[in-house]
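Below you'll find the structure, written out as structure tokens, and then a few comments.
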There are 2 protein chains.
Amino acid sequence: MHRKTPLKIIGSNAERTRLHNRKVVLGHLRSHGKLGRAELARLTGLSTQAMSNIIAELESEALILAGERQTKGRGLPAVQYTLNPAGAVALGVEVRPNAILCALVNFLGDTLYTKRIHIESSEPAVVLPTVKAACDEALSSIGKNAPPVLGAGIVMPGPFGRVGLTGAGKAELVGWDDKDPQVLFEDVLQVPVRVENDATAAAIAEQTTGSATDLQSFCFVYFGTGLGLGVISNGEILRGAFGNAGELGHVVVERGGRLCSCGNRGCLETYTSRMAASEFLQKRGKSAESQKDLSDLLAVNDPDLDEWICEAADPLAQAIGTLENLFDPEAVILGGAMPPELLERLIAKLNLIDATVSVRADRTLPRVVRGASGWMTAALGAAALIIHDTYIPSISKVA
Amino acid sequence: MHRKTPLKIIGSNAERTRLHNRKVVLGHLRSHGKLGRAELARLTGLSTQAMSNIIAELESEALILAGERQTKGRGLPAVQYTLNPAGAVALGVEVRPNAILCALVNFLGDTLYTKRIHIESSEPAVVLPTVKAACDEALSSIGKNAPPVLGAGIVMPGPFGRVGLTGAGKAELVGWDDKDPQVLFEDVLQVPVRVENDATAAAIAEQTTGSATDLQSFCFVYFGTGLGLGVISNGEILRGAFGNAGELGHVVVERGGRLCSCGNRGCLETYTSRMAASEFLQKRGKSAESQKDLSDLLAVNDPDLDEWICEAADPLAQAIGTLENLFDPEAVILGGAMPPELLERLIAKLNLIDATVSVRADRTLPRVVRGASGWMTAALGAAALIIHDTYIPSISKVA
DNA sequence: CTTGAATGCTCAACTCAATTGAATTAAATC
DNA sequence: GATTTAATTCAATTGAGTTGAGCATTCAAG
């Protein structure tokens, strides 16, 4: 994941075809809710017979459930199939310098279990066993005859690899520099593991269970320690050559602006981020370290906080314009570790640029939307990523 | 292409598998130059027998050529196969308000023929027959028993659809607003047609025959009428939800900066673009309408042009930093309708930001590279896009 | 109320494109 | 020269999808 892998393009055979088709079917069931065999056959371009076989297999594995027959005009009513929420589970873990957040989700991405564990050290020797124990506990929480575990998603602070940008990142996690987390975690957990950054995971969470369930292309602005960005473009996750795409916090919005910890001036993060907010409020003698603090200030309509919001809105609006022009998304979503009401106010104050490719006559969605995120977003997103992998084939898209 | 199509994910069967595998083989032959059957089998994860069959088919269609056996250690030396340059051709067309550029390329993307045709009007009624005639002439230029025509790539100015941003775009092409160019051109030309914007086409040209042949992820900054951006990320073209991704010209680099034709202030295009250069030089009483003018000024080391370059470099450097942080590319390439020497000087003057995810210890390439582009880049890129489609499966990538 | 068209679905036979395993050829090494 | 290694082919097999006939169920027309 850190390293550039010269992506290997492989051929297909009957077996891989079957795997692909299974994913395609699960994907359609997810996005449509419920469907009959014949309709699935039409959607996928496969024969009804092939669909029958695939459905039979998925049903025997309890990944899908047969529902009532449903009448739609003439003809034999089709048996409606749906994803079985209890058909499988996935683990999600967020590793922070001082804590591990662990989540378990069902086959729809719904939360089954969450837990936060404080850690004294972020070395692999501490983190790995703690994560293992947390995952075991999460799995045992759902009782004895548990459904299959599809895998575990791990969220770690980026950027990956030794890059110029180290202000706030993996540097905070000691002892991981020359390790490959994917291998380490797979070793310990004994399930397939995927490692992603927080913003991407949050974006996937948003697409799986949040406010982007119908979107194929969107940008997710993630308020974490810094300011991250997860981009989904035409259904695909944008990672970049080294897995470091989406470093929104250090996009310059004001030439020669405020000095940032990265050494540059005018990074968006210095204006619009949790850090920026807490620094601003600290100067006014107020504490805003936690989300709770911010919520409290918000509740009493604190004028200083309002002032910060106004100040933060302009740089953000400019950055959103940039995202729109560069990525042409269906919408930009704001989420992460900020009180929802604060995000709402921030959105309300946004003075968006009028001339971007996203200003279109036929828009149905607002250009900027608040994400449906909570404090566990990244860990839940990591788990959702695993679910996501089971119904997104890396294959044959036709417009 | 303008409209958002809720991308349809389809299943696979034996036939589609074969098509996919053919593409995979062609893709590997393209990137490796020459390969034997056994090695191809290993690369693709297919059996040698399957590879033999695929190779036989491709050879019978003259898409590939058998070369000498080549000894590599023990064992029977493998017959080396290469793409047959003369195995197929593709058309590329750039439609501008006052001209049509037509190109024909061979199966490797090498130029076989180019032509520029002046047009009085850019209405469909004029453009379509002109393009048809130009393509016919291009094809007849290569003689009687011509290889199969894979298709035609068409480059038209974006943005697509009616968007807020109409400063310089399709608006210039009259009578196309409510038409679907893809359908119109396919009707007239009777070959598969793809429509793209200039920057994306140029990026593909760069990847096919230019300086990005080894790159899987890069950003191509295209100096055209305005300033465009083509993004290839992990081998895939980034289009955005409505095909308008990459509108780099209207990314704001200076808050409250120069007034742009789009109505905003501080767009990159107002500092760094052909238009910006010619306006700057006009104020100094010099004409720089054409590339030739610029080349001439450059040849005599014109101080005003030098001054413009210095002035243009800073905003561009900032934008490049943004691209690096958002897309995490292997490199940023500068190209398009600018004299190569000017691009070189511009690159030399760039004061790149030190803290982006692209600043890495293990870099081998420079962060910014000059593209190997000429005046036909977009049309050639359009043709290259068709070639590209024949060896890039939209399928199964494994890291 | 009956009958026929439309639609969902299954059965059985078939086909396509892969895989598997044995045989063949040619070079490198012993 | 004999042996090992590797590329390739031949022949048989297999996995997964397709095709076409037939049955079930519903709607709609007569």
Side-chain angles (χ1 to χ4, degrees), chain A residues 9-26 28-29 32 34-61 64 66-82 393 395-396, chain B residues 9-26 28-29 32 34-61 64 66-82 393 395-396:
Chain A
I9 297 178
I10 63 172
S12 184
N13 56 22
E15 190 186 336
R16 299 199 260 256
T17 295
R18 171 66 78 127
L19 279 173
H20 168 74
N21 288 349
R22 281 172 57 113
K23 290 192 180 196
V24 171
V25 171
L26 292 174
H28 278 105
L29 282 178
H32 289 82
K34 54 176 167 172
L35 291 167
R37 293 185 235 269
E39 188 157 15
L40 273 167
R42 281 189 298 268
L43 286 169
T44 56
L46 296 176
S47 63
T48 56
Q49 183 56 57
M51 194 48 60
S52 264
N53 297 338
I54 296 167
I55 292 284
E57 188 179 288
L58 292 173
E59 196 178 1
S60 80
E61 294 174 30
I64 61 175
E68 299 287 288
R69 294 196 108 98
Q70 189 164 305
T71 303
K72 282 180 191 156
R74 279 191 189 185
L76 177 67
V79 177
Q80 300 300 113
Y81 285 90
T82 52
I395 183 176
S396 308
Chain B
I9 297 178
I10 64 172
S12 182
N13 56 21
E15 190 187 337
R16 298 198 259 254
T17 293
R18 171 65 78 123
L19 279 172
H20 168 74
N21 288 348
R22 280 172 57 111
K23 290 193 181 196
V24 171
V25 170
L26 291 174
H28 277 106
L29 283 179
H32 289 83
K34 54 177 167 169
L35 290 168
R37 298 197 228 298
E39 188 157 15
L40 274 166
R42 280 189 297 267
L43 287 170
T44 57
L46 296 176
S47 64
T48 56
Q49 184 56 57
M51 194 48 59
S52 265
N53 297 337
I54 296 166
I55 291 285
E57 189 180 289
L58 291 172
E59 195 178 2
S60 80
E61 293 175 32
I64 61 173
E68 300 287 288
R69 293 197 109 99
Q70 190 166 305
T71 302
K72 284 179 190 154
R74 284 191 186 185
L76 201 167
V79 177
Q80 299 300 113
Y81 285 90
T82 52
I395 182 175
S396 309

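The chains referred to below are lettered A, B, ... by the order of the sequence lines, with proteins before strands, and numbering in each begins at 1. A quick note: this is a predicted structure, and the numbers were derived from the prediction, not measured.
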request  = Whole angstrom is fine here: how far is it from CE in A:Met51 over to P in C:dT7?
outcome  = 19 Å
ask   = Are B:Arg16 and B:Asn13 side-chain neighbours, meaning at least one heavy-atom pair lies under 4.5 Å?
value = yes
message = If you compare all heavy atoms of B:Val79 against all heavy atoms of B:Gly67, which two are closest, and at what distance to 0.1 Å?
response = CG1-O, 3.7 Å
query = Under 4.0 Å: is that the gap between some side-chain N or O of A:Ser52 and OP1 or OP2 of C:dT10?
reply = yes
Where protein sits on nucleotides 12-17 of chain D, one letter per nucleotide: B base, S sugar-phosphate only, - none, heavy atoms under 4.0 Å = ----SS
key: Between C1' of C:dT7 and CG of A:Leu40, the distance in whole Å   = 15 Å
Throw together a table of side-chain donor-acceptor distances under 3.5 angstrom for residues 69-76 of chain A, partners on residues two or more places apart or in other chains.
residue: A:Arg69; atom: NE; partner: A:Pro77; partner atom: O; Å: 2.9
residue: A:Gln70; atom: OE1; partner: A:Lys34; partner atom: NZ; Å: 3.3
residue: A:Lys72; atom: NZ; partner: A:Glu39; partner atom: OE1; Å: 3.4

ask   = Where is the tightest heavy-atom contact between B:Gly36 and B:Ala78, given as atom of each residue plus distance?
value = CA-CB, 4.0 Å
task = Please work out if A:Arg22 contacts a base, only the sugar-phosphate, or nothing of the nucleic acid, heavy-atom cut-off 4.0 Å.
result = nothing
query = Is there side-chain contact between B:Ile64 and B:Leu26, with heavy atoms separated by less than 4.5 Å?
reply = yes
query = Would you say the side-chain atoms of A:His28 pair up with the backbone N or O of B:Ile10, donor to acceptor, closer than 3.5 Å?
reply = no
query = Could you give the CD-to-C1' distance, from A:Gln70 to C:dT7, as a whole number of Å?
reply = 14 Å
ask   = In the 5'-to-3' direction, what one-character label does each nucleotide of nucleotides 21-30 of chain D receive under the scheme B = base within less than 4.0 Å of a protein heavy atom, S = sugar-phosphate only, - = no such atom?
value = ---BBBBS--
query = Atom NE2 of A:His20 and atom C1' of C:dA17: how far apart are they, to the nearest Å?
reply = 16 Å
request  = Please state how far atom CD in B:Glu68 lies from atom P in C:dA27, giving the value in whole angstrom units.
outcome  = 12 Å
remark   = Closest non-hydrogen atoms of B:Pro393 and A:Ile9, given as atom of the first, atom of the second and distance, are CG-CG2, 3.8 Å
Validation: residues 50-57 of chain A side-chain donor-acceptor distances under 3.5 Å, sequence neighbours left out:
residue: A:Asn53; atom: OD1; partner: A:Gln49; partner atom: NE2; Å: 3.2
residue: A:Glu57; atom: OE1; partner: A:Arg18; partner atom: NH1; Å: 2.8
residue: A:Glu57; atom: OE2; partner: A:Arg22; partner atom: NH1; Å: 2.6

